[in-house]
Protein chains: 2
Amino acid sequence: MKDDRLSAIRHYLFEKTSASIHEIAEAVGASLPTVRRDLLTLETEGAVHRTHGGARIADSAGIEAAFEVREQTCIAAKRAIGLTAYADLRPDMSVFLDAGTTVLQVARRIRMNPLPISVFTNCLAVAQVLTDIRDVQVTLLGGRLRSRNASVLGALAESMLDRLWFDQLFLGASTVGDDGCTYTMDEDEARLNEKMITRAARTTVLADASKFGQRATYQVTRLDDRLDLITDDSLASHWLDKLAQAGCRTRTVGFDADESAELDGDAA
Amino acid sequence: MKDDRLSAIRHYLFEKTSASIHEIAEAVGASLPTVRRDLLTLETEGAVHRTHGGARIADSAGIEAAFEVREQTCIAAKRAIGLTAYADLRPDMSVFLDAGTTVLQVARRIRMNPLPISVFTNCLAVAQVLTDIRDVQVTLLGGRLRSRNASVLGALAESMLDRLWFDQLFLGASTVGDDGCTYTMDEDEARLNEKMITRAARTTVLADASKFGQRATYQVTRLDDRLDLITDDSLASHWLDKLAQAGCRTRTVGFDADESAELDGDAA
DNA sequence: CAACTTACGATCATAAAGGATCAAAGCATG
DNA sequence: CATGCTTTGATCCTTTATGATCGTAAGTTG
């Protein structure tokens, strides 16, 4: 199918940066003329740059592709976590959705089965997913745009939070360190996340097991009795013990490995 | 029953992201023509995106789909107007881009030929176009999301403007009435537009000739000596007289079909 | 500078998919 | 119970996409 092939070529070029036509043709299992046509399409879209004998990923498409790749990693776990988080929603709630691929899954669930809620977010992708849904009132935080995860940050965003209050906050995390704290890769994002927590009656952190045990630069918050956590059931038990000891209300959700396998397969 | 099947297809596509017609037909136990009809229905609802041989779940259909239809009307004029507006930009300026299809063309120009500027906008589509461009600092206004033109509105957006100041504002308009005033179709948008004008050293209204002589509900501003206007050269001369009389600095730009063909590629 | 190699674009044939029309079956209503 | 409407499935025809072949252009090497 053409669409899948285009997507596959983009991902292939994202990983390899540049590749020959032959290489691409073999990778996606298509003939050379077809690959040429596809590259022509992708070039007009601005996603790739064609060269003699091959093609290179366009600079601007790099971040976009990186976002797609991150969204696809641990997709089954993220989906399951998103479903559990979604189940916490009740009509007429005021919910804040943080920027991140796991939280984005909650937004997708809402899009699938809308209920009358007010959604606040600092993530353009979330806003985009929830556009045009009856009963869902979307409010976007203002501020400086950070392209990596399509979020808004900065002093403007922080001061806007001062005037808002949420029943529920779903918070993402880049990593969860051995010290039992969540981390992000951006200073402003960390500060904004901290502030979100102070503006929500209840905060639920969404983080799949693969994020545990790593460390990013900027600490956000300790996972203690102020917070809920939803993760997947592949998390090592010593983590669960540590979390329980800290008083963090943890829920683990199961997910089917088949689902992720299926979705990995359709890339090629 | 039809509704059950539509729901089943939605859920199936949500899980799989994309699937072939055969796959869907087998999954829901219906014939191929039926599945096609269902997908047609779902596509008009904006729930899925059809491709050759299959369909995929609509991720971001909201913003671009609603926009694209209107974007194509008078596209040549809008592009020419956008180019002229772009030529007014200088490095290190602070520019506000209003929400609208004509102003969006300015953003596309900036993407094609970036220069170091700060861009402020209340339009998600503009923000999206200007994502990932080195040298272009994008700041998005916060507020309630209005899906029709992917803009943010409301008290939050207005109060955010109080703390900002721009060298240049490019303002769109739904219509320009016989009274020489610009109009929009939304009350909040009109109020926000008014406020934008007070926060900018210079305001340039972008409106192609087709918008003149119509009337929408909410008045924004009079086209007088406080404002610049860029329109196309198909505007009737009695309009030009009227604008000159009001003191509005008006520029008309020519456009021909060749120029629009030149820029077809940058749409995505 | 010339010849050879390689890649590119165009055209064409083929196979698959989409759209349209039509007939039949199910359901509601008079 | 009959009639009419909606819905479904089958067949036709058109469109689209893909892959092969050929001529041409470009790049490389002697």
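Being a predicted model, the structure only gives us computed values, none of them experimental. In what follows, chains are A, B, ... by sequence order, proteins preceding strands, each numbered from 1.
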### Task
Name the residue closer to the 5' end of DNA chain D, choosing between A:Asp38 and B:Ser31 according to the nucleotide with the nearest heavy atom.
B:Ser31

### Task
Please list, chain by chain and in numerical order, all residues satisfying side chain to side chain donor-acceptor pair (under 3.5 Å) with B:Thr84, sequence neighbours excluded.
none

### Query
Between B:Thr34 and D:dG9, does any side-chain N or O lie under 4.0 Å from OP1 or OP2?
yes

### Gap between atoms NZ and P, on A:Lys2 and C:dA16 respectively (whole Å)
18 Å

### Message
Return a single string for nucleotides 6-12 of chain C, one symbol per nucleotide in 5' to 3' order, where B is base contact, S is sugar-phosphate-only contact and - is none, cutoff 4.0 angstrom on heavy atoms.
### Response
-SBS---

Between side-chain atoms of residues 12-22 of chain A and protein atoms elsewhere (two or more places apart, or another chain), which donor-acceptor pairs fall under 3.5 Å?
residue, atom, partner, partner atom, Å
A:Tyr12, OH, A:Glu23, OE2, 3.1
A:Lys16, NZ, A:Glu23, OE2, 3.4
A:Ser20, OG, A:Glu23, N, 3.1

### Message
Tell me the interatomic distance from B:Leu6, atom CG, to D:dT7, atom P, rounded to whole angstroms.
### Response
10 Å

### Task
Round to the nearest Å and state the distance from B:Ile9 atom CD1 to D:dT8 atom P.
10 Å

### Task
Just jot down the side chain to side chain donor-acceptor pair (under 3.5 Å) partners of B:Arg251, sequence neighbours excluded, or say none.
B:Asp88

### Task
Could you pull out all residues at least two apart from A:Arg37 that satisfy side chain to side chain donor-acceptor pair (under 3.5 Å)?
none

### Query
Short question: side chain of B:Ser147, backbone of A:Thr131 - any donor-acceptor pair under 3.5 Å?
no

Please set out all donor-acceptor pairs under 3.5 angstrom arising from side-chain atoms of residues 205-213 of chain B, sequence neighbours excluded.
residue, atom, partner, partner atom, Å
B:Asp208, OD1, B:Ser210, N, 3.1
B:Asp208, OD1, B:Ser210, OG, 2.4
B:Lys211, NZ, B:Thr102, OG1, 3.4
B:Lys211, NZ, B:Ala173, O, 3.4

### Task
Rounded off to whole Å, could you give me the CG-to-P distance for the A:Leu32 and D:dA20 pair?
9 Å

